[in-house]
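These figures come from a predicted structure and were not determined experimentally.
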Amino acid sequence: MYLLFLFLAVTVNAQNRQVLYNFADLPQSLLLNPAIETNYKFHIGVPLLSGFSADFGSTGFTVSDLFANNNVSFNDKVNNVLNSLTERDFLKINTQIEILSGGYRYNNKLYFSFGFYQETDGILYFPNDGITFITEGNASFLNRNFTASQLLYKLDVLGVLHFGVTKKINEKLSLGGRFKIYSSALNLETANNRGTLTTTEGTNNIFTHTFSDVDIELKTSGLVNETNDEFITDVGSYLKNTFFGPNLGIGIDFGFTYNVSKQLEITGSILDFGFVRHKKNIKNSFVKGDYIFEGIQFDYDADNQIDYWRQLDKDFRENIPSGSNLNPYTSFRPTKINSSLRYSFGEKRSKYCYDNTYKDFYKNAVGVQLFSIFRPLSPQVALTGFYETSLSKKFHAKVTYTVDDYSLYNIGAGISCQIGKINFYGMVDNLAQFNDIASTNSMSIQLGFNTIFN
């Protein structure tokens, strides 16, 4: 599981959604706030090309910590990284590919949007106690409690079919909502584990090892075929299950846009408030119990030889039984919150709108945006300051400065350009470390194509 996350982490780019949020009337902004105001009749995303994003982050180490050319052996680099990690360090990955997307204006107050995308979302926390136990053993850590509660990860691969509506309430307020149907192809997760392993000086032997209140459960859905208990290796099966597969769920998004004045705007949104019910191809593995082990006392008897290791294994399994079950379970989506304050200023310009009129807008804007996502251990928060400018009626640019768990100086940039009916956008972040990508904790590239009709 840990190797899978590490592999994904070093083979994908990352997306900074703070650059995309409320930027240049892009249709993809509606996925971050369904109440974002739009000024076109309808849009159609170019299939498979309208939006690709990936979000990778790691705390505690970077790629260069493992592969830098500095005359330090790879084994020493791995040991240095492992020794520096804490139980709050993590790897995070999110990828999203829009398969289909579109939108249609019903009247001057209602805009409908819809689509289907595939998403991979995962987070893995580093179990500091487990890493120490595997790499150094427990003989040097007498009276230390190695806890199972640090074992914490979650990985989802799913498809999302969605339909949203944006309603203009009045000249100041717009509200939006989006209904989602989740179809899970793969889920791996574990949380709320407990139990400790403690080594103390023994009475009948050198050491006494105490397993206390052990209760560990590893849940999987879509990984193992429940009819033959074999791993599912067919990629086509996973892709098929992202569209109305057997493990379904629902969710909602909600957002608002409020114009305090013609120049001051407040926005906010709650995304992915929902769940998936897993009931097909389930395999949950568990370990539960208590056990005290004081070592093996070997007694040689040529006439009555004892299989001590088999006896120990039997004793251990009787006191801490392990097994698996097919019990259905519910997995909650990682809910996200966005909010922003935006002030527009500078030269006034006009742009052509869906109702054959022209709407005034300001050339420049500055503001702040707050993003938070609820993760198993604690929420992750990012604060962004931004500057946006319209270089022309068809060309827009945005620069951001973000402080988050990965960096105190994450500088990002994005552009949006429309030629005829074709809209192109591209975004990058962490520009300050572009000359040394291997030393950054996160990196982002995003682009897409839409057709927009005024």
Side-chain angles (χ1 to χ4, degrees), residues 1-12 54 91-97 99 116-127 130-131 134 148 150-161 181-193 195 214-250 275-289 309-310 312-314 316-334 376:
M1 183 68 199
Y2 289 85
L3 292 176
L4 172 62
F5 267 92
L6 186 59
F7 173 77
L8 291 172
V10 299
T11 56
V12 300
L91 284 174
K92 180 195 70 172
I93 179 175
N94 178 276
T95 66
Q96 184 173 304
I97 301 176
I99 308 300
F116 174 74
Y117 62 85
Q118 293 177 338
E119 181 177 3
T120 298
D121 183 81
I123 187 167
L124 177 147
Y125 292 90
F126 293 101
I131 292 173
I134 293 172
Q150 296 177 2
L151 184 60
L152 185 61
Y153 62 77
K154 184 177 182 181
L155 176 67
D156 283 301
V157 179
L158 72 167
V160 183
L161 184 67
I181 298 176
Y182 305 118
S183 181
S184 174
L186 177 67
N187 171 264
L188 312 174
E189 65 176 76
T190 187
N192 301 318
N193 297 304
V214 176
D215 190 355
I216 300 173
E217 185 175 25
L218 312 180
K219 299 178 180 179
T220 73
S221 166
L223 180 66
V224 178
N225 190 321
E226 62 184 28
T227 59
N228 57 20
D229 199 32
E230 294 182 355
F231 287 106
I232 299 173
T233 58
D234 180 19
V235 176
S237 177
Y238 289 103
L239 294 175
K240 177 183 176 181
N241 286 334
T242 61
F243 190 76
F244 286 102
N247 300 312
L248 298 174
I250 59 174
F275 66 92
V276 176
R277 182 62 176 172
H278 301 278
K279 56 184 180 180
K280 181 70 173 178
N281 290 332
I282 306 295
K283 185 170 184 179
N284 305 319
S285 302
F286 63 87
V287 178
K288 188 174 183 178
W309 297 113
R310 178 172 293 182
L312 173 62
D313 180 67
K314 179 183 177 182
F316 185 87
R317 292 179 182 274
E318 287 177 351
N319 286 274
I320 305 185
S322 62
S324 62
N325 60 57
L326 307 179
N327 297 338
Y329 63 92
T330 299
S331 177
F332 292 94
R333 298 289 293 136

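Nearest heavy-atom pair across Ile123 and Pro376 is CG2-CD, 3.9 Å. Summarising the geometry of Asn193 relative to Ile216, their closest heavy-atom pair is OD1-CA, 3.3 Å, with the distance given to 0.1 Å. The two residues Tyr153 and Leu218 come nearest to each other via the heavy atoms OH-CD2, 3.9 Å. Pairing each heavy atom of Asp156 with each of Arg333, the nearest pair is OD2-NH1, 4.0 Å. Summarising the geometry of Gly245 relative to Ser183, their closest heavy-atom pair is N-OG, 2.7 Å, with the distance given to 0.1 Å.
Taking the side chain as every heavy atom from C-beta outward, Val287 and Ile320 approach each other to under 4.5 Å. Looking at heavy atoms from C-beta onward, Lys240 lies out of side-chain contact with Asp234 at the 4.5 angstrom threshold. Looking only at side-chain heavy atoms (C-beta outward), Tyr182 and Leu248 stay at 4.5 Å or farther from each other. Side chains of Asn241 and Pro246 form a contact here, defined as non-hydrogen atoms less than 4.5 Å apart. When side chains are defined from C-beta on, Lys279 counts as touching Asn247, because their heavy atoms get closer than 4.5 Å. Taking 4.5 Å as the limit, every side-chain heavy atom of Asn187 sits out of range of all side-chain heavy atoms of Val276.
By the 4.0 Å N-to-carboxylate-O rule, Asp229 lies close enough to Lys283 to be salt-bridged with it.
Residues passing the ring-ring contact (aromatic ring centres under 6.0 Å, His included) test with Tyr117, sequence neighbours excluded: His162. Leu223 pairs by the side chain to side chain contact (heavy atoms under 4.5 Å, CB included) definition with Leu186, Leu188, Thr220, Phe231, Tyr238, not counting sequence neighbours. By the side chain to side chain contact (heavy atoms under 4.5 Å, CB included) test, Thr242 pairs with Phe116, Gln118, Ala185, sequence neighbours left out.
At least one donor-acceptor pair closer than 3.5 Å links the side chain of Thr190 to the backbone N or O of Glu217. Within the 3.5 Å criterion, the main-chain N or O of Glu226 finds a donor-acceptor partner in the side chain of Asn281.
Within the model, atoms NZ of Lys280 and OG of Ser184 stand 14.0 Å from one another, a figure rounded to the nearest 0.5 Å. Between the CD1 atom of Ile99 and the CG atom of Leu161 there is a distance of 12.0 Å, given to the nearest 0.5 Å.
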Inset, instruction - Begin from the C-alpha positions of Val160 and Ile181 and carry the test side chain to side chain contact (heavy atoms under 4.5 Å, CB included) through to its verdict. - result: CA-CA 6 Å; Val160 183; Ile181 298 176; over 6 Å; no
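Using modelled atom types and a 3.5 Å distance limit, the side chains of Lys154 and Ser331 yield a donor-acceptor pair.
Environment of CG in Asn325: crowded, with over 12 heavy atoms of neighbouring residues, nucleotides or ligands closer than 6.0 Å.
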